[in-house]
Amino acid sequence: MLDLKWIRENPAHLDAALKRRGAAAVSAHVIELDTAHRATITELQSLQSRRNDVSKQIGGVKAKGGDAAPLMAEVAQIKDRMTALEAQEKEQAEKVRGVLLTIPNVLHADVPEGADETGNVELHKWGTPRKFDFAVKDHADIGAALKLMDFDQAAVMSGARFVILKGALARLERAIAQFMLDTHTDENGYTEVNPPLLVKDTALIGTGQLPKFAEDLYRTNVDAWLIPTSEVPLTNLVAERIVDGAELPMRVTAFTPCFRSEAGSAGRDTKGMIRNHQFEKVELVSICAPEESEAEHQRMTHCAEKILQRLELPYRALALCAGDMGFGMMRTYDLEVWLPSQETYREISSCSNAGDFQARRMNARYRPVGETKGTRFVHTLNGSGLAVGRTLVAILENYQEADGSVRIPTVLQRYMGGKDRITAS
RNA sequence: GGAGAGGUGGCAGAGUGGUCGAUUGUACCGCACUCGAAAUGCGGCGUGCCUGCAAGGGCACCGUGGGUUCGAAUCCCACCCUCUCCGCCA
């Protein structure tokens, strides 16, 4: 959510920022609603002030045994007007907030121009895609041949876009997650968190998925939603809180399942486990002071890159362009891993700086060290570190051998009982 | 799921219809005393918003949302959360 005061003072700036995203101007509309709202507040408050005065006088008059009837008549009149204004004020406030909640974050000045993913800018590449002297298979075929990956039976019980992993592949997924968590906690300074997977709508409004993107989420029959990413519970660790500045930066990580309805992506990535309704991800979230967030964003991205490097998976880093940026983010770097079967790089991590956008929505503040009064909104950042399912896919494809077996990356072998290869049994 | 207790300012803890936005303690900040510190004394110390060039003025907030009333932290209703006990359960 953007600062209404800021919008009031920088309407042209806002509309220009929206235009970069390909979104329509809203400042005139917002300011119109806000002006009307404030006019109502002003009138209402002067009536309240008068009512309070008269009510006090009534108390005084009655205490002395006088006749308070004329005063009470005046209050009655004021009340009629107030009732109408109160309803109007409430309606206007909801309208303003409703619009504010649908305005995307203002982009960082360095975000490249562009209408869609073709406008993304490659920052650097790491590693060299392996040359295969046999026909490469995609991960779904590799998994099927190993008899350790079953989409058909998953469809029987759950429908499309689900997978069942078995044996060494189930363990491999666990190994990948464990390796990531260990690296982030032991080396990168993150604290492991095991958060709720069901959250209230307020939590999703806080991170920006609601109210606009409800159709992407799974809603339960109780008043809760399945998380689409642990960014939601991790960022909400500071919701409605005032944290001590000394606690910042707060770095947390979690390994959780993620649930996405994938509405609107029918036909895309239908084969395999690239785009499932349920997948596992290790998430990184940082809560920090505003002046730290730029550096923290770079740091977080490096933490994610380190995982790919340790796994020796070729990847490239991109700066997302204006048109491809997520709703709540001011700046995003994507990491894309090389997939031999597609002969292209595919997203495996997305690291973003939300600035104070989410903090405003969830009222997450901090008290700067040394200051006894006054609070400021924190900055929030999140990044995949990494998507575990897609990492499994990348390993299967990049480490496949002609005989159908798959080598296990060195750093994962200790998590795989010392094995260095997965073979059909 | 049942029964009970409770949600008030950073914390603790008063306050059951009218100068209560809120007693007091503690923490914190400033000043005094001191060589310095402790102790002590004095003063200050919540948040959001409206209005105003400013000084200032005003409104709201005692879990949340409604209601009663001229007037609500105080009365009524609903809901949420926490704690204790019972039941059920991985």
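In the text below, chain A, chain B and the rest are named by the order of the sequence lines, each starting its count at 1.
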What would the secondary structure line of RNA chain B be in dot-bracket form, counting Watson-Crick and G-U wobble pairs under 3.5 Å, with [ ] for pairs that cross earlier ones and | for pairs with another strand?
((((((((.[[[..)..(.....]]].(((((.......))))).((((((....)))))).[[[[[..)....]]]]])))))))....
For A/F327, which residues count as a ring pair (Phe, Tyr, Trp, His ring centres under 6.0 Å) partner, sequence neighbours excluded?
A/F213, A/F357
Distance-only polar pair, side chains of [X] and [Y], donor-acceptor under 3.5 Å:
{"X": "A/E192", "Y": "A/H184", "value": "no"}
{"X": "A/Y333", "Y": "A/H297", "value": "no"}
{"X": "A/S261", "Y": "A/D216", "value": "no"}
{"X": "A/T40", "Y": "A/E43", "value": "no"}

Could you list by number each residue of residues 75-98 of chain A showing a heavy-atom separation from RNA chain B of less than 4.0 Å, or answer none if no residue does?
A/V75, A/K79, A/K90
Going by number, which of residues 43-52 of chain A have a non-hydrogen atom under 4.0 Å from RNA chain B?
A/Q45, A/Q48, A/S49, A/R51, A/N52
Distance, rounded to the nearest Å, where [X] contributes [atom1] and [N] contributes [atom2]:
{"X": "A/D67", "N": "B/C70", "atom1": "CG", "atom2": "P", "answer": "15 Å"}
{"X": "A/M72", "N": "B/C70", "atom1": "CE", "atom2": "P", "answer": "5 Å"}
{"X": "A/F377", "N": "B/U47", "atom1": "CZ", "atom2": "C1'", "answer": "12 Å"}
{"X": "A/K5", "N": "B/U51", "atom1": "NZ", "atom2": "P", "answer": "10 Å"}
{"X": "A/K200", "N": "B/C79", "atom1": "NZ", "atom2": "C1'", "answer": "12 Å"}
{"X": "A/R38", "N": "B/G48", "atom1": "CZ", "atom2": "P", "answer": "17 Å"}

Heavy-atom donor-acceptor pair, [X] side chain to [Y] backbone, under 3.5 Å:
{"X": "A/K200", "Y": "A/A224", "value": "no"}
{"X": "A/N398", "Y": "A/A394", "value": "yes"}
{"X": "A/R361", "Y": "A/L101", "value": "yes"}

Which part of the nucleic acid does A/R241 contact within heavy-atom distance under 4.0 Å: base, sugar-phosphate only, or nothing?
nothing
Euclidean distance for [atom1], [N] against [M] (whole angstrom):
{"N": "B/G48", "M": "B/G41", "atom1": "P", "value": "33 Å"}
{"N": "B/A78", "M": "B/C85", "atom1": "P", "value": "27 Å"}
{"N": "B/C80", "M": "B/G66", "atom1": "C1'", "value": "14 Å"}
{"N": "B/G44", "M": "B/G36", "atom1": "C1'", "value": "25 Å"}
{"N": "B/A14", "M": "B/C33", "atom1": "C1'", "value": "33 Å"}
{"N": "B/A54", "M": "B/G63", "atom1": "C1'", "value": "39 Å"}
{"N": "B/A32", "M": "B/G13", "atom1": "C1'", "value": "30 Å"}
{"N": "B/C75", "M": "B/U19", "atom1": "P", "value": "15 Å"}

Evaluate A/Q77 against A/R81 for side-chain hydrogen bond (donor to acceptor under 3.5 Å, both in side chains), listing each step before the verdict.
CA-CA 7 Å; A/Q77 207 174 10; A/R81 180 72 185 133; over 6 Å; no
For residues 227-234 of chain A, tabulate all N or O donor-acceptor pairs below 3.5 Å that involve a side-chain atom, not counting sequence neighbours.
from	atom 1	to	atom 2	distance (Å)
A/T229	OG1	A/E231	N	3.0
A/T229	OG1	A/K281	NZ	2.8
A/S230	OG	A/T256	OG1	3.4
A/E231	OE2	A/Q358	NE2	2.8
A/E231	OE2	A/N382	ND2	3.4

So which pairs with a foot in residues 155-177 of chain A pass side-chain hydrogen bond (donor to acceptor under 3.5 Å, both in side chains), sequence neighbours left out?
none
RNA chain B: A/D34 or A/R365, which has the more 5' nearest nucleotide?
A/R365
Would you say the ring centers of A/H277 and A/F162 fall short of 6.0 Å from each other?
yes
